Amino acid sequence: MPQLAYVDGRFLALSEAGVSVEDRGLQFADAIYEVAAVMNGALLDWPQHLARMRRNLAALFIDLAMSDAALTAIAGRLLRANAQRDALLYLQVTRGTARRDHPFPKAARATVIMTVRRFDFRQRVAQQRSGIAVITVNDMRWRRVDLKTTGLLANVLAKQDARAAGAFEAWLIGADDMVHEGASTNAWIVKAGRIITHPLSESILPGIARASLIRLARGAQIPVVERAFSLAEALAADEALLTSTTAPLLPVVRIDSVAVGNGTPGPVAARLAALVWDDIAAQTGWRP
Ligand SMILES: Cc1ncc(COP(=O)(O)O)c(C=O)c1O
């Protein structure tokens, strides 16, 4: 059975699905997106993803004449058609198709694209045991990275640097010398039992997994401090970790080849990971 994609009102074989070459998502990255986890056939944190998508659309003045219920119905149909139990759901909304010109087109209608792809969350359980390495690179992105747009070239280059160095992730260091976040993950350190992550601002993406971890940690009386931290502070931290939809919680055991703590996953990361997996199990029934 061919994999199906949804594009602009139609369900098509993925290999046949496409948008116009004049779509503004292609021409200008004039588009926002969401990536949601599907575990055990159930969408994780879906209302939070829809809410963030609406905030991004509003911030960029992209009109989407489709309700959350309609988007949810399309997602459900795609998941059923593709028979996916553990997967990633990609949703993109572009400003639509129009003759190439920078100002907003007068008559364009937003393009909605949804795809699903199988994803193995079990690999994360193994990586959680070993921990992962990150490198650091300069944060070369524009100044509104709180908006989840498809303009990800700086993130792509950073991630490629990480892969070339044999690392899982690249931490992006701002002109303020602070660790902003990873190329596709939020960044955290642990010091004296407190977990520390960059505050919400225009310099980081407000991750759904980040918000979940703050809620879960506070619920378990683990102190959370939302403040910027430097690379020097990260190198001297007791533990470090990262979070995202595709990597719910992974311990960072090396930063630029320097061991964090004793170079193995620490007890706070283990406790937080247990809270995260419990929350996932409560929502979806999926267990590590
Ligand atoms: C730059 C960046 N930061 C953080 C995240 C994590 O966000 P979420 O937890 O919503 O997946 C992502 C996810 O793609 C990202 O691209």
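Since we're looking at a predicted model, the values are computed, not measured. Whatever order the structure lists ligands and atoms in, that order sets their numbers, starting from 1.
- One finds no salt bridge joining D63 and R109 here, because no Lys/Arg side-chain nitrogen approaches an Asp/Glu carboxylate oxygen to under 4.0 Å.
- Heavy atoms of G182 approach ligand 1 to within less than 4.0 angstrom.
- Counted by atom type alone, R118 and Q84 present zero donor-acceptor pairs between their side chains at under 3.5 Å.
- At least one heavy atom of N186 lies less than 4.0 angstrom from ligand 1.
- Between R52, E181, Q48, it is E181 that holds the heavy atom closest to atom 3 (N) of ligand 1.
- Taking a cut-off of under 4.0 Å to the non-hydrogen atoms of N155, the atoms of ligand 1 that pass are 1 (C).
- Within the 4.5 Å cutoff, side-chain heavy atoms of V112 are placed close to those of L64.
- Of all atoms in ligand 1, listed by their number and element, those nearer than 4.0 Å to a heavy atom of A209 are 9 (O).
- The shell of residues lying under 4.0 angstrom from ligand 1, judged by heavy atoms, excludes E34.
- Heavy atoms of A183 approach ligand 1 to within less than 4.0 angstrom.
- In terms of polar-atom proximity, defined here as any N/O pair under 3.5 Å, L205 makes no such contact with ligand 1.
- Among S184, A36, G207, the residue whose heavy atom lies nearest to atom 5 (C) of ligand 1 is S184.
- Put simply, CG on L200 and CD on E226 are 5.5 Å apart, with the number rounded to the nearest 0.5 Å.
- Between T245 and ligand 1, an N or O atom pair is found at a separation short of 3.5 Å.
- Atoms of ligand 1 found under 4.0 Å from any heavy atom of R141, numbered from 1 in the order shown, are 1 (C).
- For the pair E169/L242, a side-chain contact is recorded, criterion being any heavy-atom separation below 4.5 Å from C-beta on.
- Using a 4.0 Å cut-off between a side-chain N of Lys or Arg and a carboxylate O of Asp or Glu, R144 and D146 qualify as a salt bridge.
- In this structure, R117 CZ and L88 CG are separated by 5.5 Å, a value rounded to the nearest 0.5 Å.
- For ligand 1, the atoms sitting less than 4.0 Å from at least one non-hydrogen atom of K148 are 13 (C), 14 (O), numbered in the order shown with element in parentheses.
- No cation-pi contact links R124 to W277, judged by a cut-off of 6.0 Å to the six-membered ring centre and 45° from its axis.
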